[in-house]
Structures are given as C-alpha cells and as structure tokens.
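Only one structure is covered here, and it is reproduced in the block below.
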Protein chains: 2
Amino acid sequence: MAAPRYHHGDLRAALINRAAEVVAAGGVDSLSLRELARDLGVSHGAPSRHFADKQALLDALALDGFERLGASMSAALPSGDDPAAGDFSVQLRDLAAAYVGFAVQNASLLVLMFAAKTRQASPAELPAALDRAFAAPLRAIQLAQERGEVVAGDVEAVAAGILATMHGYAALVTAGLFHPDESGAELAGVIGQLMNGLRRRD
Amino acid sequence: MAAPRYHHGDLRAALINRAAEVVAAGGVDSLSLRELARDLGVSHGAPSRHFADKQALLDALALDGFERLGASMSAALPSGDDPAAGDFSVQLRDLAAAYVGFAVQNASLLVLMFAAKTRQASPAELPAALDRAFAAPLRAIQLAQERGEVVAGDVEAVAAGILATMHGYAALVTAGLFHPDESGAELAGVIGQLMNGLRRRD
DNA sequence: ACCTGAACACCGTTCAAGT
DNA sequence: ACCTGAACACCGTTCAAGT
C-alpha cells in the first residue's frame, strides 16, 4: 500500500466538496467528472458508484446549496420563539444582507440552484428543499404579521413580494445589472422602500 | 445540385434560430454543435465560420434574449412621449406581466441570460445589452417620478427595487418556489404592495 | 461493497483541402 | 468567402474483472 487511494470512507463527500470548489472557481461548465476523479486520485469510473451520472452530482450540489442558503437565512433571524424579537424591518435588513452575501459569494452555485427546475428531469427532492430553505423567512413574516408590523393577509402572498425583492436584487447584482457600492446603501434603500409598502396603514 | 445545402446566405441566423429551439425544448445542456450542424444539413465544422466556439453561440443567444426581453418590455409600455400616459401603477402591472410572461415562456433562456456574467469570460457586449434591455422601464420610472406618481430620488435607486421585484418574482416562479394560479392574482398582489411603497407620502 | 481499466459512442476544435 | 471531412484530445457512461 503506497499512495493512499482516496476511498477512505467517504468518496461521495469528497466528490461534492471538490465539485463545489471547481464550480465556484470556474463555473458549472468547467466541471468534468474525469478531472474530478483525477483530482481525488481515483479511477474515472469510481464516481458512478455514488452518483448515477453527472447530473445527479450537480443536483446534489444544488440541493446542498439550498441547505446552506437556508441555514444562512436562519442564522440571520432571531430564533423562532424569542419573545423580544420585534422590529421586522431590522430582521428584513439582516435577512437581505445574508441573502445577497450568499449570492455574491456563490454566484455560479446560485445559478445552478435556480436552474434546476428548468432541466428536463429536475430532482424529486427539489420542491422540499426549496420549502425548507425558505421556511425561516416565511415564519418570520408570519410572526411580524401577528405582531401587526406587517400587513395582514395570506402569508404566502405577502412573502411573495418580500422573497421576490430579495432574490431579484441578489440575482440582478450577480448578473451585473446593478453595481452597488460596498456600503450596501442601495440594498438598504430597496429594503426601506419594500418595508414602506408592507407597513399597515391606519 | 441535389439536396439544398443550408448555406443559402445565412447559416449564422439559422444556427441561432435552431439553437434557440433546442434550448427552449431541452435546456442549455442538450445543445450540441454537431447535432445542430446535422439538423441544418451542414458539416460539423461549418458553425466555426460564424461562431469561434460553442460559448460564442450561447453568448449570441443570451444577447438576443436580452434584446427580445427589452422589446417585450418596451411594447408593454406607452411610447416615450405620449403625454396622456399617466397611471404608473397600470404601466407597472403591464410591465410585470410582460416580464413574467417572457420568463415563463423562455425559462431556460432566462437562466442562460442571467448566468452570462458568472462565466469566466462573459461577452463584452453584455453590459450594454443589459442597459439597453432595461432602458424602457427606467425611462418610465423617471417619467412617473416627474409626474409625482412615484417617490423622488435617484432613478437607479428607485428602479432597483422595482426591477428586483419583477425579476425576482419571475425567477422564483420559473424556479418552482411559487405556484401562482392562472389569474395572475399573486403577481397583482405583489405589484400592489410594491406600488404601495412607491407612492409619495404627503 | 467498492474500485479498476478497457471499451464505446459522442463531443468541441482545428486545419488542410476543396469549390 | 464559405464549407468539407479527417484528425485529435477529451468527455460521460457502461461493464467485466478484481480485491
């Protein structure tokens, strides 16, 4: 036994990790299964034991991305039952900052994640992953409604505008339409405007 | 001269048209240059006369998409100097409907368009294409500001929130997070909320 | 159970040669 | 000016064989 063969228990995780690095560095198109196997010191046929085909690996990457995005949003919000957690405008600001931050740092992955549905055979776990990722902001919106900080009505309907604004801003920044300065002033303005429309009228 | 060779003047246009069909039908990954050439009855080396490589064809497709999206938005707005064109809320509703309609009918293309910047070498014409595509809504927002229908301030700042909401809603629908019914009621609600935040306070 | 390595079909790109 | 067709390097996938 000379050079260690990479299968020390978890080739699957190693494939995902290395694939995430490659995608982050060079985009989805720069990912080659054979090169991946070479990087990990494994034969080019080995990945097929863990992923039926290349698309399955990309799907796993996208699902992992949703989990990370969801965790990032959850971390930006107060824990669910914190009674002293008012001021939804602050929560929204932090949430949007987390979302845009994730988008900027994982631009290629974000594209992969939100392109999954447009493929001929999207992964069966995708809808559940989407719901899970966005559960925390949905809950925060609902609580803000109950506190009267935000207009009443169907949560999903109110959330649609909030999530659309956040995602759209993030997507348009990574697409190169907006060129915000580092201060985050533009995002703050957008969120302020959004919050302005969300507040209950007396 | 038996079977017609496809080079009757415009193989370039034929390549773009056929490529757009293939992408719309099966996604970007299903596009093969060799298959494209076969479809058009041309040798597999022929496309290289018109596109340096496959990426150049995809770039052309994306740029063409921005032109079509821009045209679709322009068509949804009253012509620039129509003096009787008040009521920005109506314009915004029509604009959003056009945008979401384009997104739903060209889901794969939309992904390709907004992923262009994340590639290692994005096309030099991309920034200009983005600006051109979004020029019409920007102008409409500016006019609405001048009419006093919308809060004053830097146009780009105000536009950021509007464009983000529109694009984000479209992207999240094609991504499968939202499942709006055909009535467009959800979009109408989102636009209403947005408009609510945009109106000047007295 | 997990990996190897040969084999297969297909791909993008290049380039001398044709017209 | 435009296209052909052979050639090259690389790819994803499959599968008998090894351990």
Side-chain angles (χ1 to χ4, degrees), chain A residues 1-23 25-62 108 112 115-116 119-123, chain B residues 1-23 25-62 108 112 115-116 119-123:
Chain A
M1 46 176 68
R5 252 62 197 52
Y6 212 98
H7 66 286
H8 49 39
D10 213 350
L11 176 56
R12 197 193 129 93
L15 284 166
I16 291 201
N17 288 338
R18 180 69 188 133
E21 288 177 14
V22 172
V23 168
V28 199
D29 298 336
S30 72
L31 186 72
S32 149
L33 274 189
R34 288 178 101 110
E35 191 179 1
L36 211 57
R38 259 178 262 132
D39 288 352
L40 300 179
V42 112
S43 83
H44 65 257
S48 77
R49 290 291 131 187
H50 301 95
F51 299 99
D53 53 21
K54 188 182 183 180
Q55 192 54 58
L57 173 57
L58 291 178
D59 287 345
L61 227 55
S108 293
L112 181 66
R119 284 190 279 269
Q120 49 276 66
S122 66
Chain B
M1 46 176 73
R5 257 50 199 61
Y6 213 98
H7 66 287
H8 50 40
D10 215 348
L11 176 57
R12 197 195 129 93
L15 284 166
I16 291 203
N17 288 339
R18 181 68 188 134
E21 287 177 15
V22 172
V23 168
V28 197
D29 297 336
S30 71
L31 186 72
S32 148
L33 274 187
R34 288 176 100 110
E35 192 179 1
L36 211 59
R38 258 179 262 131
D39 288 352
L40 300 180
V42 111
S43 82
H44 66 257
S48 76
R49 290 292 130 186
H50 301 94
F51 299 99
D53 53 23
K54 188 181 184 182
Q55 191 53 58
L57 173 58
L58 292 178
D59 287 345
L61 226 55
S108 293
L112 181 66
R119 284 190 280 268
Q120 47 278 67
S122 67

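Convention: sequence-line order gives letters A, B, ...; per-chain numbering from 1.
As a whole-Å value, the separation of R12(B) CZ from dA1(D) P is 17 Å. Distance H50(B) NE2 to dC3(D) C1': 9 Å, rounded to the nearest Å. Straight-line distance from the CZ atom of F51(A) to the P atom of dT14(D): 16 Å, rounded to whole Å. Between the P atom of dG12(C) and the CG atom of L15(B) lies a distance of 12 Å, rounded to the nearest Å.
Minimum heavy-atom separation, A20(A) to L61(A): N-CD1, 4.0 Å. Shown here for A60(A) and F51(A), the closest heavy-atom pair between the two residues is CB-CE2, 3.8 Å.
Each of A46(B) and D53(A) lies near DNA chain D, and the nucleotide nearest A46(B) is the one positioned closer to the 5' end.
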Considering only nitrogen or oxygen atoms on both sides, find all protein atoms under 3.5 Å from nucleotides 16-18 of chain D and state each distance.
none

Scan nucleotides 7-11 of chain D against the protein and return all N/O pairs shorter than 3.5 Å with their distances rounded to 0.1 Å.
from	atom 1	to	atom 2	distance (Å)
dC11(D)	OP1	S32(A)	OG	3.3
dC11(D)	OP2	R38(A)	NH2	2.5

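For residues 49-59 of chain A, the set of pairs meeting the salt bridge (Lys or Arg N to Asp or Glu O under 4.0 Å) definition, not counting sequence neighbours, comprises D59(A)-R119(A).
Within the 4.5 Å cutoff, side-chain heavy atoms of Q55(A) are placed close to those of L58(A).
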Paired and unpaired positions of DNA chain C as dot-bracket, Watson-Crick or G-U wobble under 3.5 Å, | denoting a partner strand: ||.|||||...|||||.||
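L15(B) pairs with exactly one of D39(B), L40(B), D10(B) by the side-chain contact (heavy atoms from CB on, under 4.5 Å) rule, that one being L40(B).
Under the side chain to side chain contact (heavy atoms under 4.5 Å, CB included) criterion, A37(A) pairs with V42(A), P47(A), not counting sequence neighbours.
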Using atom types as modelled, flag every donor-acceptor pair under 3.5 Å from a side chain in residues 26-36 of chain B to any protein atom, sequence neighbours excluded.
from	atom 1	to	atom 2	distance (Å)
S30(B)	OG	G26(B)	O	3.3
S30(B)	OG	G27(B)	O	2.8
S32(B)	OG	R34(B)	N	3.3
S32(B)	OG	E35(B)	N	3.0

